[in-house]
Amino acid sequence: MSEEKSLNFIEEIIEKDIAEGIHEGRVHTRFPPEPNGYLHIGHSKAICLNFGLAKKYQGKCNLRFDDTNPEKEEVEYVDSIKEDIQWLGFRWDNEFYASDYFDKIYGFAVALIQKGLAYVDESSSEDMAKQKGTPTLAGTDSPYRNRSIEENLDLFTRMKNGEFADGTCVLRAKIDMKHDNMIMRDPVIYRIKHAEHHRTGNTWCIYPMYDFAHGQSDSIEEITHSICTLEFIPHRDLYNWCIQKLEIFPSRQYEFARLNMTYTLMSKRKLLMLVQQQFVEGWDDPRMPTISGFRRRGYTPESIREFCDKIGIAKRDNMIDISLLDFCLRDHLNKIALRRMAVLHPVKLIITNYEEGKTETLSAENNPEDENAGHRALTFGKELWIEREDFMENPSKKYFRLGPGLQVRLKHAYIIECTDFKKDADGTITEIHCKYFPESKSGNDQSGLKVKGTMHWLHCDTALQAEVRLYDRLFTVENPAAHDGDLQEILHPKSLEVISKAYIEPALAAAKQQDRFQFLRLGYFCVDKNSSSEKLIFNKTTGLKDSFAKVV
RNA sequence: UGCCUGAUGGUGUAAAGGUAGCACAGCAGUUUUUGGUACUGUUAGUCUUGGUUCGAAUCCAGGUCGGGUAACCA
């Protein structure tokens with residue numbers, strides 16, 4: 001009866017490795033972000049993969065910051081990355097930094113020089129580019145390629161000691177300038193950067209390149225399965241070359257296809273641009289595809305994990321429909337979000353046959369999906385707010401809401417019938433008059449009336465006010481990454497709409513930051529981080545599935 | 001143009017030589033005091049050409065198309 005879920009290709013490799021007793025069947029992964037930006041939804045895929053694999057196979061997963069470029073990295077990013085991973089629900093076994101290993105990595109470089117496998121090159125970067133050749137044209141050796149070991153050792157030591165300015169020389173691995181794989185044409189493995197590092201300060205003025213730090217860090221931590229994205233496939237040759245020449249722990253690299261999602265930008269560089277040019281409020285702007293943005297928007301970690309599980313792991317390029325993320329979100333929120341009523345675009349409704357000044361307390365369930373969620377009290381009276389969209393002067397037959405002579409149910413209250421309405425000079429509806437049917441009271445309906453529509457409402461005298469922020473997609477095109485021109489050209493002009501005076505029900509007064517609700521018939525909303533008891537602010541997380549919208 | 005990769009409905013992802021399945025999206029319907037939820041039904045797919053085989057999405061050969069790759073970034 002237990003349905004076996006099929007394995008993805010990495011799980012297959014791992015299970016094979018375990019079966020063969022490689023590394024005593026141990027599984028140790030790592031998540032290796034560079035702290036040069038905030039984590040986005042694409043990183044969630046890698047996080048769920050790496051931490052998920054460790055969990056599934058009773059292994060370990062390290063968090064390791066790939067901090068080898070001091071010019072781009074900052075502690076703010078380190079902190080945000082840690083917060084985001086934890087929020088997603090994962091705990092790392094070790095918190096490491098590539099910069100922890102600078103001494104060891106330096107030692108690896110010296111070892112390579114001593115084996116005659118690395119040399120200091122004073123060619124300019126232009127010359128080095130020429131030496132590289134092209135995909136079809138073999139490269140040529142640098143004039144500095146055959147320096148003696150002693151000279152290389154001396155030069156490299158002086159590089160470390162700060163005797164040279166940035167860019168004067170680099171350390172290169174001595175591999176093969178005619179290699180089919182361009183990466184293997186004597187790659188740079190150390191460069192000079194007189195820059196302060198966020199952790200090592202001014203201790204170093206030379207820093208290893210990715211290819212001479214990442215794999216080495218994997219080895220030092222005895223990572224068994226080093227999982228990265230497809231664009232690192234050509235680097236695997238070098239990864240393995242270093243392990244072999246240095247005779248260090250043989251971690252293995254495996255590559256999977258990164259996440260692409262419709263209407264979403266995944267480039268950290270471009271996201272940084274949105275922040276710097278203030279097209280959004282910051283990295284955690286609810287429109288951003290960052291983990292912190294989704295958090296502020298009201299997404300749940302459960303829904304993001306479920307999404308990552310559903311999209312699968314494979315090697316072919318993909319473009320996931322963002323509606324799948326939406327589905328996972330709604331699916332979870334539907335189960336956990338308390339129901340409340342709010343009126344975003346209010347118009348007054350007067351119940352003409354309801355006694356002036358009278359009120360009634362009604363009971364409303366907090367969540368029909370959850371018996372244990374309990375009930376709350378609602379006040380009903382003569383004057384109510386309803387949604388402007390819920391009234392039409394000349395409704396079509398498919399319109400199940402209010403219009404002259406039409407009947408609807410007010411949720412948790414009575415059935416009403418529209419008897420009259422008022423307009424101002426511009427034709428804007430200013431007031432709707434209805435009569436109610438006292439015997440149609442919710443839960444005890446004796447009226448025998450049948451209506452097609454049910455509407456949300458708020459009692460004028462007791463409703464509270466709040467700011468509500470409505471979000472739409474940030475980009476107008478399905479694949480913003482493919483857009484060549486200015487980002488501004490494809491930015492959705494109405495990605496944010498602020499409703500400064502929306503009405504909400506009194507039960508929402510005590511709502512705290514990050515609390516999530518379903519505003520009946522409107523969608524899911526969560527309390528913004530800048531919300532206060534004086535001024536409540538709600539972010540729209542996502543709408544409800546709306547099958548009526550398509551009819552219109 | 002070299003090297004590396006990949007190709008299954010609109011989008012993802014399974015099927016390890018034996019009935020092409022699942023999810024999202026779409027469409028239609030049932031239920032409903034949320035035009036929500038739930039439930040039911042349904043449309044739609046193996047890049048191509050050959051070969052091996054009783055039998056091919058799967059194995060082999062050629063082709064086509066897509067992606068990556070020529071940073072002192074990661």
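Numbers restart at 1 for each chain; the letters A, B, ... are given by sequence-line order, proteins then strands.
In terms of the side-chain contact (heavy atoms from CB on, under 4.5 Å) criterion, residue partners of A:S219 (sequence neighbours excluded) are, by chain and number, A:I243, A:I248, A:F249, A:S251. A:F294 is linked by a ring-ring contact (aromatic ring centres under 6.0 Å, His included) to A:Y299, counting only residues two or more places apart in sequence or in another chain. With sequence neighbours excluded, no residue forms a salt bridge (charged side-chain N to carboxylate O under 4.0 Å, His left out) with A:D17. Here A:E163 pairs with A:R158 under the salt bridge (charged side-chain N to carboxylate O under 4.0 Å, His left out) rule; sequence neighbours left out. By the salt bridge (charged side-chain N to carboxylate O under 4.0 Å, His left out) test, A:E302 is found to be paired with no residue, residues two or more places apart in sequence or in another chain being considered. Evaluation of the ring-ring contact (aromatic ring centres under 6.0 Å, His included) rule for A:Y503 yields A:W385 as partners, not counting sequence neighbours.
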Set out, line by line, the N/O atom pairs under 3.5 Å between protein and nucleotides 2-8 of chain B.
none

Q | Letter per nucleotide, 5' to 3', of nucleotides 17-32 of chain B [B base touched, S only sugar-phosphate touched, - untouched; heavy atoms, 4.0 Å] | A | ------SSSSS-----

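By the 30° and 60° cut-offs, the orientation of the rings of A:Y106 relative to A:F156 is parallel.
Evaluation of the salt bridge (Lys or Arg N to Asp or Glu O under 4.0 Å) test over residues 332-342 of chain A, restricted to residues two or more places apart or in two chains, returns A:D331-A:K335. Residue pairs meeting the salt bridge (Lys or Arg N to Asp or Glu O under 4.0 Å) criterion with at least one member in residues 363-374 of chain A: none, sequence neighbours excluded.
The strand RNA chain B forms stems, runs of 3 or more Watson-Crick or G-U wobble pairs with distances below 3.5 Å, at B:2-7 with B:64-69, B:10-13 with B:21-24, B:26-30 with B:38-42, B:47-51 with B:59-63.
Checking B:A14, B:C72, B:G35 against the side-chain heavy atoms of A:N8 singles out B:A14 as nearest.
RNA chain B lies under 4.0 Å from at least one heavy atom of each of the following residues of residues 163-175 of chain A: A:G167, A:V170.
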